[in-house]
Amino acid sequence: MDKEKIIVIDFGGQYNQLVARRVRECHVYCEIYSYKTDLEKIKEMAPRGIILTGGPNSVYEKNAASCSEELFHLGIPVLGLCYGAQLMMHLLGGSVCKAPVREYGRIEVTVDQSSLLFGDVSEKTICWMSHNDYIEKAAPGFRTIAQTADCPVAAAECVEQNLYAIQFHPEVLHTTEGKKMLHNFVYDVCHCSGDWKMDAFVENTIQEIREKVGSGKVLCALSGGVDSSVAAVLLAKAVGDQLTCVFVDHGLLRKDEGDQVEAVFGPEGPYNLKFIRVNAQERFYSKLAGVEEPERKRKIIGEEFIRVFEEEAKKIGTVDFLVQGTIYPDVVESGLGGESAVIKSHHNVGGLPDYVDFKEIIEPLRNLFKDEVRKAGLELGIPDYLVYRQPFPGPGLGIRIIGEVTAEKVKIVQEADAIYREEIANAGLDRSIGQYFAALTNMRSVGVMGDERTYDYAVALRAVNTIDFMTAEAAEIPWEVLGKVANRIVNEVKHVNRVFYDCTGKPPATIEFE
Ligand code: GLN
């Protein structure tokens, strides 16, 4: 497959995900790899261009993250961003040292418009800076193409070798013309044609699935969430009745969700899938009894899922493939993508436990960000209300109940969450907030109801805005709406006497609680 792509080499910078996104927004496929990736592997991938990200180290320190100098002599265009720019200069004979003045935030940069990188960019432009070190002197053969009051080399180029270095961060939206700069790199320096488009992705993926599956039987793990729904429809279009969708109701779904999923994907729904609903509530509850630790809960739920599928698969006969709705941020958060630490294990990230007798796992959305999955969904003709459904984690309410999960707690959080969602919709905010849900804290406190002392649970309300689910900020929900929700929850949901609103962003918090 000769799809054109740009690769991002990750030096541990905060914005590495954004770099990949911006390139994809230019319609060029982009993947992230660790700086430790073998040079041979990079050569094999034959990328059209390489982008080096920012990073927390200083290039002149011992053990600083680095790469082979050869990377710059492969004949592949390289763009270094911040740390990546410093590293390029350092390895090629320039000098990098601690800056007399560190720059942080929006800074005016003067650029040389004759550089390919800055074609169509204003001469004075606002850029996002975040560095303590600076390029004191560019490497031999490089020409300075941008500067600021405090930064003599804010960008440099060596046109003959297609090497470009930028001290600031074009991937961040605060850099007003950053998209243009990345676009210039991708098209004018790397000469990409821009073949990464959703319709092409959908078409190619369907084709690839057909080739891979042949006449094999496919089993899809349907959760009713956006990812697995899109994956299921993709598979249904590719292999039709070779596909069986198994929907496990693990008793950790939102209120009434099981029935809603059945209404859409079941025999009454618009898709012609083989649909099996397994009511496995009790089974999951008993496995989870007494377990408090979040990672263990995730593992138990994930494993139990696999077992249930396995049992269903046996009933169906031989099954060759298992489909999962893994998306790109799952892969990265599990520590399989670039340099990011393992934040949470995702039960739906590939790697086949040996007791499962499927030939292979198919993860058609593995390379997509959430908003790209939605675009693919629309492209496939999946109705809006499903495509824009809120994301819901595989382990479901199991990780929205802090501490031990019990049937009673599930009921509490389901009811509270349903009220919250209803009021958000009543206030007309359901499309404008990225994700919102209720969680059950493990805290009980004293309250008073009908003149009687209560000692009951506290519900936490979460609402975040995010574009790509890698970072998020708490949504500002009007006080009246929150007040109404809190009021209804304590009145209508038994065993809740307190409601909190979570104001933290991601980072430092995650969107889910566990
Ligand atoms: N650590 C380097 C510096 O402080 C690079 C920072 C970055 O990549 N954002 O200059």
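Hydrogens, waters and symmetry mates are skipped; everything else that's a heavy atom, side chains included, is used. Order of appearance sets the numbers: ligands from 1, and atoms from 1 within every ligand.
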Asks: Would you tell me which option among I135, N57, N132 has the nearest heavy-atom contact to atom 2 (C) of ligand 1?
Replies: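 Ranked by closest heavy atom to atom 2 (C) of ligand 1, first place is N57.
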Asks: Taking R22 for the side chain and K179 for the main chain, is one N or O donor matched with an acceptor at less than 3.5 Å?
Replies: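 No: the side chain of R22 does not pair with the backbone of K179.
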Asks: With a 3.5 Å distance limit and no angle check, can you tell me whether Y436 reaches the backbone of Q390 through a side-chain donor-acceptor pair?
Replies: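 Between the backbone of Q390 and the side chain of Y436 there is no qualifying donor-acceptor contact (under 3.5 Å).
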Asks: Ignoring hydrogens and geometry, is there a side-chain-to-backbone donor-acceptor pair from N132 to R102 under 3.5 Å?
Replies: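 No, the answer is negative, given that no donor and acceptor are paired below the 3.5 Å cut-off.
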Asks: Does R24 qualify as a cation-pi partner of F369, given the criterion of NZ or CZ under 6.0 Å from the six-membered ring centre and within 45 degrees of its axis?
Replies: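 Judged by the rule (NZ or CZ under 6.0 Å from the ring centre, within 45° of its axis), R24 is not positioned above F369.
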Asks: Determine yes or no for a side-chain-to-main-chain donor-acceptor pair under 3.5 angstrom, with T175 supplying the side chain and W128 the backbone.
Replies: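 Looks like yes, one N/O pair under 3.5 Å.
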Asks: Which option, G84, G54, C82, owns the non-hydrogen atom nearest atom 7 (C) of ligand 1?
Replies: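 Ranked by closest heavy atom to atom 7 (C) of ligand 1, first place is C82.
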Asks: Using distance alone, decide if ligand 1 has a nitrogen or oxygen within less than 3.5 Å of any nitrogen or oxygen in Y83.
Replies: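 Looking only at distances, the answer is yes, because the N/O contact criterion of under 3.5 Å is met.
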Asks: With backbone taken as N, CA, C and O and side chain as the heavy atoms from C-beta onward, which portion of A99 lies under 4.0 Å from ligand 1: side chain, backbone, both, or neither?
Replies: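 Near ligand 1, A99 shows nothing, with every heavy atom at 4.0 Å or more.
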Asks: Is there a donor-acceptor pair closer than 3.5 Å between any side-chain N or O of K297 and the backbone N or O of I399?
Replies: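 No, the answer is negative, given that no donor and acceptor are paired below the 3.5 Å cut-off.
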Asks: Give yes or no for whether the N/O distance cutoff of 3.5 Å, strictly under, is met between Q167 and ligand 1.
Replies: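 By distance alone, the answer is no.
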Asks: Is ligand 1 less than 4.0 angstrom away from at least one heavy atom of R102?
Replies: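 No.
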Asks: Compute whether any side-chain donor of one residue and acceptor of the other, for E177 and T125, lie under 3.5 angstrom apart.
Replies: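 T125 and E177 do have a side-chain donor-acceptor pair below 3.5 Å.
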Asks: Just jot down the ligand 1 atoms closer than 4.0 angstrom to any heavy atom of S130, in number order.
Replies: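 So the answer, numbered in order with elements, is 6 (C), 7 (C), 9 (N).
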Asks: Do any nitrogen or oxygen atoms of G55 lie less than 3.5 angstrom from nitrogen or oxygen atoms of ligand 1?
Replies: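 Between G55 and ligand 1 (N or O atoms, distance only) the closest approach is under 3.5 Å.
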Asks: Show which atoms of ligand 1 fall inside a sub-4.0 Å distance from at least one heavy-atom site of P56.
Replies: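 In order of number, 1 (N).
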Asks: Parallel under 30°, tilted from 30 to 60°, perpendicular over 60°: which one fits the rings of W196 and F201?
Replies: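 Rings of W196 and F201: perpendicular, over 60°.
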Asks: With heavy-atom distances below 4.0 Å as the criterion, list the atoms of ligand 1 near H131.
Replies: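 Numbered from 1, ligand 1 contributes 3 (C), 4 (O), 10 (O).
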Asks: Applying a heavy-atom cut-off of 4.0 Å, say which part of H169 lies close to ligand 1: side chain, backbone, both or neither.
Replies: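 The answer is the side chain of H169.
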